[in-house]
Amino acid sequence: MKQTFALPGIAADPEQAASLRSEFAHWLDDDLGLAVEFVADATLAVYEALSNAVEHAYRAGAQSNLMDLHAEYDPATTDLVVTVTDYGAWRAQKATGRRTGGRGLDLMRALADRVAVDTSNAGTRARLSWSHIATCQRGR
Amino acid sequence: MDKPRDDAQPLVSANTCSVSCHTVRGATVVLVSGAVDAVTAPQLEEALNAALTPAPAVLIADLTETEFLSSAGMSVLMSVHDRLGDSGRFAVVADGPGTSRPLKLVGIAEVIALYPSLDEALTALTA
């Protein structure tokens, strides 16, 4: 049966992003029992997505200062899909001007198997996914 | 959409970070423990900036006790590397899934010298 971790409607501020990161890491580690190295990778990738949501929320024109974190793990296939959604208005020029924003996206791409970022006037949704996570555990 | 839950159910705090500065075998060592993220990166930045004046011959950021390092912390490390330039040598000590691994993955370990232990960094950088 698929395992779901969902925390919708969280205030998009830096402290909440840090707390969400901690809860997500506990879920991967304690509830799913995934490998230590994978937990570190996924936690950092998701934190970078949350940090981007916080940055979007602080921009002028944000429709809402909330963000949603949703994750689903399928033990049968050992696939993990995580989405981070925010409702901030997208401003490409400002986004590319951020030095940390660029590094955050680089990190997400390096850490996750697949990264898709969809932006619209209504907000941004980052989807991070991993497949065959069990293979990560062989190295333990 | 669900209501914000920050008041109803306080999330556990994840932001413990402490930074201290020491001199070891002539090298300035900034020891960082806990999590370096967007909230705590300014603490690291402040300590490293203080250690840059006057510019030390050897400056080491020791992340042995750091569990988490985000892009905000990495940007601080890169900025210190750029500021020190040729006036001294800067190195990072890290050996963990949350620190040395992402530093290698994004290529920072190719720009800033990375050592698995403080001993190895001191041996390499101090005569």
Side-chain angles (χ1 to χ4, degrees), chain A residues 6-26 35-52 54-55 58 63-69 85 87 98-112 123 136 139-140, chain B residues 1-18 34-45 63-83 94-112:
Chain A
L7 287 174
I10 302 294
D13 66 50
E15 286 78 15
Q16 292 292 340
S19 299
L20 279 180
R21 170 187 92 223
S22 184
E23 291 207 359
F24 180 68
H26 281 301
V36 170
E37 193 173 79
F38 178 79
V39 173
D41 284 1
T43 301
L44 178 54
V46 167
Y47 177 72
E48 294 299 336
L50 293 168
S51 293
N52 281 350
V54 170
E55 286 188 19
Y58 279 106
Q63 295 174 14
S64 156
N65 66 342
L66 301 180
M67 58 185 174
D68 306 328
L69 171 61
T85 309
Y87 306 92
R98 291 291 300 233
R99 192 178 168 188
T100 53
R103 182 161 290 130
L105 194 56
D106 286 348
L107 264 174
M108 284 192 265
R109 288 186 177 132
L111 292 163
C136 298
R140 290 187 85 177
Chain B
M1 188 190 305
D2 294 11
K3 294 259 188 333
R5 46 164 265 173
D6 47 332
D7 290 333
Q9 286 175 270
L11 296 166
V12 286
S13 173
N15 285 306
T16 48
C17 175
S18 69
V36 182
D37 61 14
V39 177
T40 59
Q43 277 177 254
L44 175 62
E45 187 168 32
L63 309 184
T64 305
E65 293 175 17
T66 303
E67 293 144 22
F68 182 80
L69 178 69
S70 80
S71 62
M74 292 178 188
S75 293
V76 170
L77 298 177
M78 286 302 291
S79 148
V80 168
H81 171 264
D82 293 347
R83 282 186 59 193
D95 187 21
T99 51
S100 62
R101 180 174 160 77
L103 284 171
K104 289 172 187 165
L105 279 174
V106 292
I108 290 177
E110 290 161 25
V111 181
I112 301 174

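Quantities reported herein were computed from a predicted structural model and do not represent experimental measurements. In what follows, chains are A, B, ... by sequence order, proteins preceding strands, each numbered from 1.
In terms of non-hydrogen atom pairs under 4.5 Å with chain A, the most contact-rich of B:Ala38, B:Gly98, B:Ser70 is B:Ser70. No other option in A:Val39, A:Leu44, A:Thr43 has as many heavy-atom pairs under 4.5 Å with chain B as A:Leu44.
Only the backbone of B:Leu69 comes within contact range of chain A, judged by heavy atoms closer than 4.5 Å.
Between the side chain of B:Thr40 and the backbone N or O of B:Ala35, at least one donor-acceptor pair lies under 3.5 Å. A donor-acceptor contact shorter than 3.5 Å is absent between the side chain of B:Ser79 and the backbone of B:Ser75. In this structure, the side chain of A:Ser19 engages the main chain of A:Glu15 through a donor-acceptor pair within 3.5 Å.
Taking CG from B:Leu103 and CG from A:Leu107, the interatomic distance works out to 9.0 Å, rounded to the nearest 0.5 Å.
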